[in-house]
Number of protein chains: 2
Amino acid sequence: MLSDRRMTTKKQEYQRPVSIKDIARRARVSVATVSRALHDHPRIGVETRKRVQQLAREMGYVPNETARSLVRQCTYTIGIVMPDASDPYAAAILHSIEDMARTVGYTLLLVHSWGMPARELEAIQTLRKRDVDGLVLVSSRMGGQLHALTNKLGRPLVIVNGNSAPGVGYTVRGDNVHGVILATEYLLHLGHRRIAFIGGPEGSRSGWERKSGYRQVLRNEGLAEAIFPGNGRLIDGVRAFQVMQQQGRLPEAIVCYNDLTALGVLQAAWQAGVGVPENLSVIGFDDILYSAYSIPPLTTVAQPKAAMGEAVVQLLTRLIRGEPAQNILLPGKLIERSSCHAR
Amino acid sequence: MLSDRRMTTKKQEYQRPVSIKDIARRARVSVATVSRALHDHPRIGVETRKRVQQLAREMGYVPNETARSLVRQCTYTIGIVMPDASDPYAAAILHSIEDMARTVGYTLLLVHSWGMPARELEAIQTLRKRDVDGLVLVSSRMGGQLHALTNKLGRPLVIVNGNSAPGVGYTVRGDNVHGVILATEYLLHLGHRRIAFIGGPEGSRSGWERKSGYRQVLRNEGLAEAIFPGNGRLIDGVRAFQVMQQQGRLPEAIVCYNDLTALGVLQAAWQAGVGVPENLSVIGFDDILYSAYSIPPLTTVAQPKAAMGEAVVQLLTRLIRGEPAQNILLPGKLIERSSCHAR
DNA sequence: CTGTTAGCGCATTCAA
DNA sequence: TTGAATGCGCTAACAG
């Protein structure tokens with residue numbers, strides 16, 4: 001009685017949509033004329049045009065894009081392959097791409113890859129069959145295997161923050177090395193010397209780049225590196241912190257592969273009674289939605305997610321039109337909040 | 001020199017994909033034979049079949065789904081309209097729908113609505129032209145306007161957790177009333193008497209239901225209601241808390257419209273030095289990914305998001321096949337974590 | 001077993 | 001200005 005579990009059990013038939021042929025019949029003209037009327041074609045009588053358009057509206061005509069696509073040989077559809085829409089970072093990218101794509105008349109076909117190369121391949125095949133005008137791979141893990149694919153793809157390809165093979169498609173990416181240098185040097189300026197790093201997914205380019213930026217800075221300063229494995233999820237931050245503590249290797253500050261990892265560290269530190277930022281400084285990467293509201297608010301390197309979406313769509317439309325294009329590298333920006341503290 | 005801003009400025013032409021006609025020519029058979037071979041049609045020579053299949057593989061043939069869709073009169077595509085993929089709750093739903101849809105051979109066409117009825121309408125039109133086999137509206141705000149639409153839609157419609165008009169499409173929803181009763185009674189059992197509620201979006205069904213569940217419980221107990229407006233975002237939780245404090249109306253416990261709002265309250269309370277759960281109990285709704293890792297971990301009513309995706313796709317496929325169907329109401333579950341404390 | 005034909009809904013060329 | 005015819009890539013009904 002708590003629930004109004006209404007059981008609707010009607011059966012329903014769906015009727016065939018009206019086509020230009022139907023309109024033609026009713027208007028007593030040819031389908032060609034209808035087509036022209038609907039397109040405001042110049043060579044048509046103003047009289048018939050109005051009549052046909054009126055009729056189309058009355059009959060609830062909706063153009064069949066499938067048929068159009070077939071003759072036009074382009075679908076105004078772009079395919080997007082991403083690991084997982086429930087990852088806040090991926091979702092933000094998806095969000096900005098969808099937004100931009102819509103404004104230029106494209107619709108998005110979405111397939112998840114779960115970060116698995118095999119699934120990615122499958123997804124790409126699916127989208128290729130769907131005859132998308134262009135393809136976006138977010139956080140691709142395929143690397144070399146892309147090579148074999150790209151020749152046969154026959155469609156423009158843009159890779160966002162993923163492993164790309166040279167000469168395969170175009171890329172839009174955040175500047176990971178620069179960003180993590182920003183983060184690490186910030187910690188240095190705050191007076192920290194024992195700075196650890198929690199890594200990202202094995203074999204991912206962003207993971208590699210962020211790690212090497214960290215190493216580069218520490219090496220320049222002659223400081224010891226302390227690198228802990230991770231996989232970019234909340235739980236990885238939790239675990240890494242626990243490992244540090246169990247091993248008695250708690251540092252003064254931690255650079256995290258991404259915000260999710262950092263948020264995990266915040267949680268684990270709180271559980272363990274280690275105060276952030278008084279006893280431990282934590283810095284993230286990405287600036288996801290939640291980071292501004294974590295406890296304490298997370299200092300992080302923001303990725304320009306909106307700009308990325310724009311860049312992706314712009315790049316893709318250029319490629320579709322056959323115009324020259326170039327890879328895009330976007331700088332990150334340090335966002336100072338409250339998870340880091342001077343020593 | 002920090003960035004490898006490589007400028008790739010090649011211009012590239014994309015070639016026409018190979019069609020069954022191409023294969024037919026090379027194999028010196030008719031297109032019908034090719035089609036049959038590719039489909040393992042019974043009435044074909046095992047010899048020619050193998051030859052054609054081999055050839056197709058060599059030539060890198062990929063079937064054109066657009067053409068298929070045209071003759072088949074169905075696209076194996078389902079359209080999904082949601083406010084915003086970067087909302088963690090919506091993203092989780094999207095995730096589970098995509099996952100389920102893929103396994104049954106459907107691909108997703110995604111359009112954002114930004115929670116604006118006008119945009120929703122636009123999105124539905126877009127998808128209708130795309131000739132989707134079915135439509136999913138997540139957190140729709142359209143309400144009555146759906147009526148006019150649905151007759152002309154000509155496609156099965158499933159509404160997830162949104163405003164629906166009676167007789168328009170089918171619905172899959174979490175049991176909001178029951179869920180919020182669970183939450184409120186839990187607080188009651190913990191000994192709280194001054195329990196406030198922070199509401200959701202104005203005019204949304206879930207907002208209304210959750211509020212009325214709360215009111216129902218308080219009324220039964222003869223307790224005073226304290227309702228603060230909200231809109232389902234983090235910032236709404238922050239603001240509501242600030243208002244409570246400024247007005248000197250801080251309660252013993254707060255039931256929040258959703259987790260995002262609750263997370264905002266956690267943050268604001270922390271900023272204000274109000275300890276959760278010692279001085280204030282907070283309970284959310286949805287159980288988004290992050291809630292298990294907030295500080296403190298958030299007690300909440302979990303929505304069965306995976307089950308929802310399953311239900312949506314199953315319902316939709318039934319409708320597409322013209323089978324009888326029924327609305328689905330899924331129960332929520334209380335997840336006890338650490339944001340509530342006995343008085 | 002295989003080829004020929006027609007047609008899905010639409011845009012476009014060529015005639016009229 | 002309009003109509004008839006053709007084809008986009010593919011499937012399916014009908015002949016052979």
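Naming convention: chains lettered A, B, ... in sequence-line order (proteins, then strands); numbering from 1 in each chain. These numbers come from a predicted model, not from an experiment.
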Separation of [N] [atom2] from [X] [atom1] (nearest whole Å):
X	N	atom1	atom2	value
B:Q73	D:dC10	CD	C1'	13 Å
A:D22	C:dG7	CG	P	16 Å
A:I20	C:dG7	CD1	P	16 Å
B:Y76	D:dT11	OH	C1'	13 Å
B:K129	C:dG9	NZ	C1'	15 Å
B:R43	C:dT4	CZ	C1'	14 Å
B:D131	C:dG9	CG	P	9 Å
B:K21	C:dT4	NZ	P	14 Å

Does a salt bridge link B:E65 with A:R128, judged by any charged N lying under 4.0 Å from a carboxylate O?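 Salt bridge absent between B:E65 and A:R128.
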Between B:D22 and B:R16, does any NZ, NE, NH1 or NH2 come within less than 4.0 Å of an OD or OE carboxylate oxygen?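 Judged by the 4.0 Å cut-off on N to carboxylate O distance, B:R16 and B:D22 do form a salt bridge.
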Check every strand shown and say whether [X] touches a base, only sugar-phosphate, or nothing at a heavy-atom separation below 4.0 Å.
X	result
A:V31	nothing
B:T48	sugar-phosphate
A:V29	sugar-phosphate

Looking at the side chain of [X], which of [options] is the nearest nucleotide?
X	options	value
A:A32	D:dC10, D:dA4, C:dT2	D:dA4
B:L70	C:dC8, C:dA11, D:dT1	C:dC8
A:N64	C:dC10, C:dT2, D:dG9	C:dC10

So for B:R36 and C:dG3, does any side-chain atom that can act as donor or acceptor lie under 3.5 Å from a complementary atom in the base?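 Side chain to base: pair present.
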Would you indicate, yes or no, if [N] has its OP1 or OP2 atom less than 4.0 angstrom from a side-chain nitrogen or oxygen of [X]?
X	N	result
A:T33	D:dG3	yes
B:R68	D:dT11	yes
B:S30	C:dT2	no

Side chain to side chain contact (heavy atoms under 4.5 Å, CB included) partner of B:I80, the single match among B:L135, B:L108, B:V158: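 When side chain to side chain contact (heavy atoms under 4.5 Å, CB included) is applied between B:I80 and each of B:L135, B:L108, B:V158, only B:L108 qualifies.
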Using a 3.5 Å distance criterion without hydrogens, assess whether the side chain of B:R173 forms a donor-acceptor pair with backbone atoms of B:G162.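 Answer holds: yes.
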Residue closer to the 5' end of DNA chain C, B:A67 versus B:R28 (nearest nucleotide):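 On the 5' side of the pair lies B:R28.
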Using a 4.5 Å cut-off on heavy atoms from C-beta on, say whether the side chain of A:H95 contacts that of B:D84.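 Heavy-atom side-chain distance check passes, below 4.5 Å.
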